[in-house]
Amino acid sequence: MAIERDNPGDLARRAAERRGRRSDRRPADQWRRESYCLPRLLARAKARELFERYPKAAYMTEIEFWSERADGQIEFVVRRLPSAD
């Protein structure tokens, strides 16, 4: 009796199908990230607006990264949970 072996294409297809069936699970990284690049005063106003809209206590909102670009604009990434519990 011969043993049937799958080729790599069959294995990849089956793995992709299994991944598709697991769509009901939450992704490993549940954070929402939004990137902005604004002049300094507008960047401050935008950050305040986001913290008022998504309070840190409920959404764990934080500025994950920020830097000042050569042209004087502030580039920043805001990280938060998609919904409050």
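Using a 4.5 Å heavy-atom cutoff, the side chains of Glu34 and Arg80 are in contact. Contact check for Thr61 versus Val78: side-chain heavy atoms found under the 4.5 Å cut-off.
Partners of Arg48 by salt bridge (Lys or Arg N to Asp or Glu O under 4.0 Å), not counting sequence neighbours: none found.
Here the CD-CD1 distance, from Glu68 to Ile74, works out to 4.5 Å after rounding to the nearest 0.5 Å. Here the SG atom belonging to Cys37 is positioned 11.0 Å from the CG atom belonging to Leu42, to the nearest 0.5 angstrom. With rounding to the nearest 0.5 Å, the separation of CZ in Arg32 from OG in Ser83 is 8.0 Å. For the atom pair Arg79 CZ and Ser35 OG, the distance stands at 13.0 Å (nearest 0.5 Å).
Of all non-hydrogen atoms in Phe51 and Glu62, the two that sit nearest each other are CZ-CA, 4.0 Å.
Salt bridge present: Glu49 and Lys46 bring a charged side-chain N and a carboxylate O closer than 4.0 Å.
Applying the ring-ring contact (aromatic ring centres under 6.0 Å, His included) test to residues at least two apart or on different chains, the pairs with a partner in residues 55-82 are Tyr36-Phe76, Tyr54-Tyr59.
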